[in-house]
Novice: 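Below are the structure tokens for one structure; questions will follow.
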Amino acid sequence: MDLRVGVVLLCVMGLTCAELVKYIDCGSSTGKVMTVDISPCPSLPCQLHKGQSYSVNVTFNSAVQSQTSKALVHGVIAGVPVPFPIPIEDGCKSGIQCPIKKQQSYHYQNTLPVKTVYPAIKLVVEWELRDDGNQDLFCIKFPVQIV
Ligand SMILES: *[C@@H]1O[C@H](CO)[C@@H](O)[C@H](O)[C@H]1NC(C)=O
């Protein structure tokens, strides 16, 4: 199912359109994504205004134990991933209490600052959180438009 179809279906089913499944799972291997909340982002693609910060809240369940967690964020422009710097890479300082335990749910919370020097383009943000073994506890993608 395509992302837009999913969004429309959820809205039709009467669920609040503010708390949406506004992401694509890009290969979470040692965890399972439950919900993703990007705020403010009332509709897709998320309109990211230069100079502003957006909050990202990913709720996931871990299938492994891990001492560490490290976030990697990329902007995918025309299929090419470009590093997207975030202030705190350490997932254990982003709402997760480490060590991460097996079969436990966590809320990963971070901010996505949009620098004024970024070009006004459409791209896909790919956000990964890696465990001790460099595997993805989660990997999500969502479309954005920098304005
Ligand atoms: C993050 O999302 C979860 C699940 O929807 C929610 O329980 C939690 O309160 C949220 N945290 C913040 C800071 O919004």
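All heavy atoms count here, side chains included; hydrogens, waters and symmetry mates do not. Counting starts at 1 for both ligands and their atoms, following the listed order.
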Novice: Just jot down the ligand 1 atoms closer than 4.0 angstrom to any heavy atom of H107, in number order.
Specialist: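 Taking each heavy atom of H107 in turn, ligand 1 has 3 (C), 4 (C), 7 (O) under 4.0 Å.
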
Novice: Enumerate the atoms of ligand 1 whose separation from the nearest heavy atom of N57 is less than 4.0 angstrom.
Specialist: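 By the 4.0 Å cutoff, the relevant atoms are 1 (C), 2 (O), 3 (C), 8 (C), 10 (C), 11 (N), 12 (C), 14 (O).
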
Novice: Let me confirm one number: the CG-CG distance from L72 to N134, rounded to the nearest 0.5 Å.
Specialist: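 Between atom CG of L72 and atom CG of N134 there are 7.5 Å.
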
Novice: Please work out whether any backbone atom (N, CA, C, O) or any side-chain heavy atom from C-beta onward of Q109 is under 4.0 Å from ligand 1, and answer side chain, backbone, both or neither.
Specialist: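 Side chain only.
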
Novice: Would a hydrophobic clustering, with Ile, Leu, Val, Met, Phe, Trp and Tyr connected at side-chain separations under 4.5 Å, put V64 with I100?
Specialist: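 Yes, because V64 and I100 connect within a single hydrophobic cluster, where side-chain heavy atoms sit under 4.5 Å apart.
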
Novice: Is the closest heavy atom of D37 to ligand 1 under 4.0 Å?
Specialist: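 Contact check D37 vs ligand 1: negative.
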
Novice: Taking only heavy atoms of T59 into account, list the atoms of ligand 1 that are under 4.0 Å away from them.
Specialist: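 Here the atoms of ligand 1 in question are 2 (O), 3 (C), 4 (C).
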
Novice: Aromatic ring centroids of Y108 and F60 under 6.0 Å?
Specialist: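 Ring centroids of Y108 and F60 are no less than 6.0 Å from each other.
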
Novice: Counting only pairs under 3.5 Å, give me each side-chain donor-acceptor contact of residues 42-54, with atom names and distances, residues two or more places apart or in other chains.
Specialist:
| from | atom 1 | to | atom 2 | distance (Å) |
| --- | --- | --- | --- | --- |
| K50 | NZ | Y118 | O | 2.9 |
| Q52 | OE1 | Y54 | OH | 3.4 |
| Y54 | OH | Q47 | O | 3.4 |
| Y54 | OH | H49 | N | 2.8 |

Novice: What residues join V76 in its hydrophobic cluster, counting side-chain heavy atom gaps under 4.5 Å, either direct or through other members?
Specialist: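 The other cluster members (ILVMFWY side chains, heavy atoms under 4.5 Å, direct or chained) are V124.
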
